[in-house]
Amino acid sequence: MTDQVLTILKFVLLGLLYLFFARVLWAVWSEVRTPSQRPMVGAPRRATAPSAGQTTPMGRPVAAATNTAPVPKPTKRSKQQRGCATRLVLLEPRSRRGVTIQLGGQLGGQLGGDIVLGRGASCALMIDDDAYISQRHVRFYDYDGQPMVEDLGSTNGTFHNGSKLTGSKLLHPGDRVQAGTTVIEAQ
């Protein structure tokens, strides 16, 4: 090959490399943008009601719109309407998948109704092979007949449905609690 062909191939390769990086940056940018900035595909445009004083195309005055109340959205069933969680099922790690802990007035038959998950020997649910779990990591307890979950000041934190748990939260069926690599689902 001649030097001219090699030079052209170098520029083509450089151009393809720049296109690749531009595409990667576009993908990252589209994921980072907030939802309010993203256009909704297929969303109907809202028609604005004409205000008083405007005229129609024929030159007639338009009366002010009297019914400007927004259309109510269909309501979803709230989590409180779905009922209470009655048991905890371990989903991860694979070696513990399917382990079930019953919840109730006396959680797991423990004195005081607490189930503590951690690496410590005093924990009702001891997970000693996970380095990301603290000695006393998370507590499941009963509060007025409702199952609750509370982080006990763990180093790596506890996550409730993907959000970092601060304080106590009510457990509903389908909620997921993650401590280290252990994932527990309330059912």
Side-chain angles (χ1 to χ4, degrees), residues 21-43 70 72-187:
F21 283 125
R23 177 63 179 114
V24 168
L25 288 175
W26 176 256
V28 169
W29 175 252
S30 65
E31 288 298 319
V32 171
R33 286 190 299 178
T34 59
S36 63
Q37 293 173 332
R38 293 183 185 163
M40 294 183 62
V41 178
K73 294 180 180 178
T75 58
K76 290 183 181 177
R77 290 179 60 184
S78 68
K79 288 187 177 181
Q80 286 84 7
Q81 294 172 338
R82 292 192 296 180
C84 290
T86 58
R87 63 185 180 157
L88 301 173
V89 179
L90 272 75
L91 301 177
E92 296 291 334
R94 220 174 218 190
S95 61
R96 290 190 176 88
R97 185 175 292 164
V99 173
T100 302
I101 301 133
Q102 292 296 344
L103 298 174
Q106 294 291 328
L107 292 179
Q110 295 287 313
L111 181 63
D114 290 359
I115 295 177
V116 177
L117 178 138
R119 286 187 294 141
S122 65
C123 295
L125 189 56
M126 188 173 79
I127 301 184
D128 55 355
D129 58 346
D130 190 348
Y132 296 105
I133 291 185
S134 300
Q135 291 293 319
R136 290 177 44 87
H137 196 99
V138 65
R139 174 173 76 124
F140 299 94
Y141 65 98
D142 185 56
Y143 179 76
D144 287 338
Q146 297 289 324
M148 304 285 286
V149 61
E150 174 186 24
D151 183 68
L152 297 174
S154 61
T155 304
N156 295 312
T158 303
F159 295 89
H160 178 259
N161 292 332
S163 300
K164 189 162 185 167
L165 181 64
T166 54
S168 296
K169 291 269 185 165
L170 188 60
L171 275 180
H172 300 286
D175 285 356
R176 291 194 176 184
V177 176
Q178 181 174 357
T181 59
T182 302
V183 179
I184 300 170
E185 182 176 70
Q187 296 181 347

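A quick note: this is a predicted structure, and the numbers were derived from the prediction, not measured.
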- Given Val138 and Leu152, is the side-chain contact (heavy atoms from CB on, under 4.5 Å) satisfied, shown in steps? CA-CA 5 Å; Val138 65; Leu152 297 174; 5.7 Å; no
- Message: Taking salt bridge (Lys or Arg N to Asp or Glu O under 4.0 Å) as the cut-off, I'd like each qualifying pair that reaches into residues 160-172, sequence neighbours left out, listed once.
- Response: none
- Item | Non-neighbouring partners of Ser154 that pass side-chain hydrogen bond (donor to acceptor under 3.5 Å, both in side chains), sequence neighbours left out |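 Per chain and number, Ser154 pairs via side-chain hydrogen bond (donor to acceptor under 3.5 Å, both in side chains) with His137, Asp151.
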- Task: Applying side-chain hydrogen bond (donor to acceptor under 3.5 Å, both in side chains), name anything that partners Thr166, two or more places apart in sequence or on another chain.
- Result: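 Result, side-chain hydrogen bond (donor to acceptor under 3.5 Å, both in side chains) vs Thr166: none returned.
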Taking all non-hydrogen atoms of both residues, which atom of [X] and which atom of [Y] are closest, and how far apart?
| X | Y | answer |
| --- | --- | --- |
| Cys123 | Val116 | CB-O, 3.4 Å |
| Asn156 | Tyr132 | ND2-O, 3.0 Å |
| Asp130 | Ala179 | OD2-O, 4.0 Å |
| Glu92 | Arg94 | OE1-N, 3.9 Å |

- Pair Leu91-Ile184, side-chain contact (heavy atoms from CB on, under 4.5 Å): steps then yes or no: CA-CA 6 Å; Leu91 301 177; Ile184 300 170; over 6 Å; no
Pairing residues for [X] by the side chain to side chain contact (heavy atoms under 4.5 Å, CB included) criterion, not counting sequence neighbours:
| X | answer |
| --- | --- |
| Thr100 | Arg87, Val89, Gln102 |
| Arg23 | Trp26, Ala27 |
| Asp128 | Arg96, Met126 |

Determine all donor-acceptor pairs shorter than 3.5 Å in which one atom belongs to a side chain in residues 143-150; sequence neighbours excluded.
unit_1 : atom_1 : unit_2 : atom_2 : d
Glu150 : OE1    : Arg139 : NE     : 3.0
Glu150 : OE1    : Arg139 : NH2    : 2.6

- Is Phe159 atom CZ crowded by more than 12 heavy atoms from other residues, nucleotides or ligands, each under 6.0 Å away? yes
- Item | More than 12 heavy atoms from other groups under 6.0 Å of CZ on Arg119 | yes
- Task: Apply side-chain contact (heavy atoms from CB on, under 4.5 Å) to Leu88 and Leu90, showing your working.
- Result: CA-CA 7 Å; Leu88 301 173; Leu90 272 75; 5.7 Å; no
- Note on the structure: Rounding to 0.5 Å, atoms OG (Ser122) and CZ (Arg136) come to a distance of 5.5 Å
